[in-house]
Amino acid sequence: MTTTLMPRDFVGNPQALGRSWSLTEAEQYTRWLATHHYENFHVVSFLLPKELHQDFYNVYSYCRWADDLGDEIGNVDESLRLLSWWRTELDLMYEGEVRHPVFVALRGTAKKYGIPKQPFADLVRAFIQDQTVTRYQTWDGVLDYCVYSANPVGRLVLYLCGYSDAERQCLSDATCTALQLANFWQDVTVDQLKDRVYLPLNLLSRYEYTVDDLFAHRFDDRFRAIMREAVERARELFLAGLPLNRMVNRRLGVDLELFSRGGMRILDKIEQQDYDVLSRRPKISKMERARLLIGTLARAAFARAA
């Protein structure tokens with residue numbers, strides 16, 4: 001059935017690409033996609049008000065599609081072509097024309113919450129950049145990439161929950177950049193499979209460590225020092241963004257803190273394995289996720305009582 005196709009299979013299916021989609025069918029597709037794809041945390045938690053679930057599915061599906069068109073196609077030229085097509089479909093949606101099921105579902109969400117085109121477009125820009133840029137010379141380059149690859153996601157969540165002010169967006173940016181960095185440090189070896197290095201090259205150079213050393217998985221004092229600095233940079237951003245949790249409604253605040261604490265837990269695990277992410281990928285167990293949730297709920301309850 002065309003309503004149960006992942007993006008990579010969907011773009012190779014003429015029937016799916018050529019059919020017309022009703023709003024009901026489109027929403028069924030985005031709901032299916034959002035609930036059948038691995039993520040560190042579920043797209044929609046039980047804390048999120050039920051009336052927001054479908055809108056979150058719709059926004060998530062847009063992001064998932066853009067990500068998969070960049071990372072799951074297996075050919076740079078084809079990914080660039082498909083990402084350009086995806087950006088055109090986005091432009092058409094804001095001009096009032098929708099064809100693809102994700103945009104059929106997303107149009108109403110964007111209109112209902114007054115979501116501008118920019119955060120959606122920024123994500124496509126990031127995935128296009130991933131096809132052509134695989135190294136970053138400085139921290140500024142890495143953080144600028146996060147402006148487009150991570151920060152739009154937080155801003156979209158804020159729009160869905162009724163927040164569009166600059167102060168909350170700035171705090172959200174800190175959290176989202178921190179989450180992106182934590183994911184980079186967790187997946188150093190995973191990104192190598194795509195020939196991508198997100199550790200700044202001048203940071204490697206400062207410790208006389210090379211990209212060749214990295215791809216050879218040479219773990220030593222040099223790499224330990226590099227990762228220590230990288231982990232601290234991410235942790236500082238997590239701490240900078242935490243005040244946002246107290247500036248939104250209680251349910252969203254718990255969700256945001258859960259994401260932040262989960263990201264910081266990844267950083268803790270990197271430290272606990274002596275910064276060696278080359279021989280073992282740090283992961284959060286189901287038990288640890290449960291503890292994070294319980295701790296976050298307890299802090300929220302205490303704050304409310306106080």
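Atom set for the values below is all heavy atoms of this structure, side chains included, hydrogens, waters and symmetry mates excluded.
- Between Leu33 and Pro7, the closest side-chain pair of non-hydrogen atoms falls below 4.5 Å.
- Using modelled atom types and a 3.5 Å distance limit, the side chains of Asp173 and Gln169 yield no donor-acceptor pair.
- If you look at Trp21 and Phe103, their ring centroids are not closer than 6.0 Å.
- A distance of 12.5 Å separates NE2 in His100 from CE in Met93, rounded to the nearest 0.5 Å.
- The ring-ring contact (aromatic ring centres under 6.0 Å, His included) test with Trp65 singles out one residue from Phe120, Trp86, Phe127, and that residue is Trp86.
- Ion pairing between Asp68 and Arg64 holds under the 4.0 Å rule for side-chain N and carboxylate O.
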How far apart are the C-alpha atoms of Leu160 and Thr109, what are their side-chain angles, what is the distance that settles it, and do they pass the side-chain contact (heavy atoms from CB on, under 4.5 Å) test? CA-CA 8 Å; Leu160 289 174; Thr109 296; 3.6 Å; yes
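- A side-chain N or O of Asn58 and one of Thr30 form a donor-acceptor pair less than 3.5 Å apart.
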Full working for side-chain contact (heavy atoms from CB on, under 4.5 Å) between Met6 and Glu72: CA-CA 10 Å; Met6 289 296 177; Glu72 300 296 326; over 6 Å; no
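- Under a cut-off of 6.0 angstrom, the local environment of CD in Glu167 is sparse, with at most 12 non-hydrogen atoms contributed by other residues, nucleotides or ligands.
- You'll find the ring centres of Tyr29 and Phe10 inside the 6.0 Å limit.
- You'll find the side chain of Leu143 reaches within 4.5 Å of the side chain of Leu181, heavy atoms only.
- Between Val277 and Gln186, every side-chain heavy-atom pair lies at or beyond the 4.5 Å cut-off.
- Under the 6.0 Å cut-off for aromatic ring centres, Trp185 and Tyr275 do not qualify, their centroids lying 6.0 Å or more apart.
- Comment: Lys117 engages Asp91 in a salt bridge, judged by a side-chain N to carboxylate O separation of less than 4.0 angstrom.
- A salt bridge links Arg222 and Asp213; the closest N-O separation between the charged side-chain nitrogens and carboxylate oxygens is under 4.0 Å.
- Using a 4.5 Å heavy-atom cutoff, the side chains of Ser260 and Leu242 are in contact.
- Tyr163 and Arg168 share no donor-acceptor pair across their side chains, judged by distance under 3.5 Å alone.
- Salt-bridge formation is detected for the pair Asp195/Arg135: a Lys NZ or Arg NE/NH1/NH2 atom is positioned less than 4.0 Å from an Asp or Glu carboxylate oxygen.
- Separation of atoms CD1 (Ile128) and CG (Leu82) is listed at 11.0 Å; rounding is to 0.5 Å.
- For the residue pair Asp55/Tyr113, the side-chain donor-acceptor check at 3.5 Å is satisfied.
- Here Phe223 and Tyr209 bring their ring centres to under 6.0 angstrom of each other.
- A side-chain donor-acceptor contact under 3.5 Å links Gln54 to the backbone of Glu27.
- In summary, Arg224 and Asp221 engage in a salt bridge, as defined by a charged side-chain N under 4.0 Å from a carboxylate O.
- At a threshold of 4.5 Å between non-hydrogen side-chain atoms, the residues Phe184 and Leu199 do not count as touching.
- Atom CG of Asp144 and atom CG of Asp140 lie 8.5 Å apart (nearest 0.5 Å).
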